[in-house]
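Below you'll find the structure, written out as structure tokens, and then a few comments.
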Amino acid sequence: MAGVLRAHEPYPALVVDRHWNLVLANTPVEHLLAHVGPELLAPPVNLVRLGLDPRGLAPLIVNRAEVRSFLRTRLARQVARTGDTVVGALYDEFFAGEEPDRPGSRVPSEEVAVSMVFRLPEGELRLFSTITTFGTPQDITLDEISVESYYPADADSAALLQNIADAQQAPRP
């Protein structure tokens with residue numbers, strides 16, 4: 001898996017388990033995590049917490065409401081499909097008591113992908129992601145992990161990611 005993540009650079013990619021815990025990440029993800037409170041980086045590092053907690057990436061996400069709605073629906077579907085109590089507790093931690101989306105409103109979670117827009121010190125970064133799952137019915141371990149690969153949503157974001165990668169590789173005095 002590490003080779004797959006390295007091959008995706010300079011774009012962020014990570015491996016997560018069925019409870020949204022980070023298993024492995026490439027260097028561009030580490031750059032994003034540099035903006036996260038250290039208490040959220042203690043294992044197990046949970047991606048939902050990283051994205052929604054005010055000590056995490058939430059302050060950097062320009063389109064928080066859209067991303068939050070997308071995650072809420074994704075978690076709700078996962079809980080309904082699997083009955084997983086760990087994911088259910090995660091859903092309750094962030095979404096318990098919230099009103100459901102109004103009928104007829106544009107719900108981002110009904111879309112195939114939702115861009116995430118980050119405001120980083122280096123500039124604005126627009127990403128969309130794809131999720132790849134592996135496994136066969138005989139291999140529970142592979143069936144429970146997925147690779148989330150992020151791609152730049154525009155040329156400026158691609159250039160920004162390349163500039164960050166170049167800066168990380170530059171020799172230090």
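The first residue in the sequence is number 1, and the count goes up from there.
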How would you list, by chain and number, every residue that makes a ring pair (Phe, Tyr, Trp, His ring centres under 6.0 Å) with His35, sequence neighbours excluded? His31
Check for a donor-acceptor pair, side chain of Asp17 on one end and backbone N or O of Leu22 on the other, with a separation under 3.5 Å. no
Partners passing salt bridge (charged side-chain N to carboxylate O under 4.0 Å, His left out) against Asp84 (at least two apart in sequence or in another chain): Arg18
Who clusters with Ile131? Use side-chain heavy atoms, under 4.5 angstrom, across I, L, V, M, F, W and Y, and order the result by chain and number. none
Do the side chains of Leu32 and Leu120 get nearer than 4.5 Å, heavy atoms only? yes
Expected list for residues 36-43: side-chain donor-acceptor pairs under 3.5 angstrom, two or more places apart:
none

Provide the closest heavy-atom pair for Ser115 versus Asn63 in the form atom of the first, atom of the second, distance. O-ND2, 2.6 Å
So, Arg68 side chain and Phe94 main chain: donor-acceptor pair closer than 3.5 Å or not? yes
Between Val16 and Asn21, is the side chain to side chain contact (heavy atoms under 4.5 Å, CB included) condition met? List the steps. CA-CA 5 Å; Val16 296; Asn21 293 320; over 6 Å; no
Just to verify, what does Leu127 make a side chain to side chain contact (heavy atoms under 4.5 Å, CB included) with, not counting sequence neighbours? Pro12, Phe118, Leu125, Tyr150, Leu161
Would you sort out whether Val117 and Ile61 count as a side chain to side chain contact (heavy atoms under 4.5 Å, CB included), showing the intermediate values? CA-CA 6 Å; Val117 182; Ile61 301 173; 6.0 Å; no
Same apolar cluster: Val86 and Ile145, side chain cutoff 4.5 Å: no
For Asp156, the side chain to side chain donor-acceptor pair (under 3.5 Å) test, sequence neighbours excluded, returns none
Rounded distance (nearest 0.5 Å) linking atom CG of Leu47 with atom CG of Leu52: 10.5 Å
Among residues at least two apart in sequence or on other chains, which ones pass side chain to side chain donor-acceptor pair (under 3.5 Å) with Gln78? Trp20
Applying the 4.5 Å side-chain criterion to the ILVMFWY set and letting contacts propagate, would Leu50 and Val62 be lumped into a single cluster? no
Does the side chain to side chain contact (heavy atoms under 4.5 Å, CB included) test come out yes or no for Val147 and Ser149, once each step is laid out? CA-CA 6 Å; Val147 177; Ser149 304; 3.7 Å; yes
Pairs flagged by side-chain hydrogen bond (donor to acceptor under 3.5 Å, both in side chains) wherever residues 47-59 is involved - sequence neighbours left out: Arg49-Glu93, Asp53-Arg55
Please report the shortest heavy-atom distance between Pro10 and Gln162, naming the atom on each side. CG-OE1, 3.4 Å
Under the salt bridge (charged side-chain N to carboxylate O under 4.0 Å, His left out) test, residues paired with Arg126 that sit two or more places apart: Glu124, Asp154
Tyr11: partners by ring pair (Phe, Tyr, Trp, His ring centres under 6.0 Å), with sequence neighbours left out: His8
Check ring pair (Phe, Tyr, Trp, His ring centres under 6.0 Å) between Tyr91 and all other residues, then give those that pass, not counting sequence neighbours. Phe95
Kindly indicate, with the supporting measurements, whether the criterion side chain to side chain contact (heavy atoms under 4.5 Å, CB included) is fulfilled by Leu24 and Leu14. CA-CA 6 Å; Leu24 197 59; Leu14 44 90; over 6 Å; no
By side chain to side chain contact (heavy atoms under 4.5 Å, CB included), which residues pair with Glu9, not counting sequence neighbours? Arg6, Asn26, Thr27, Pro28
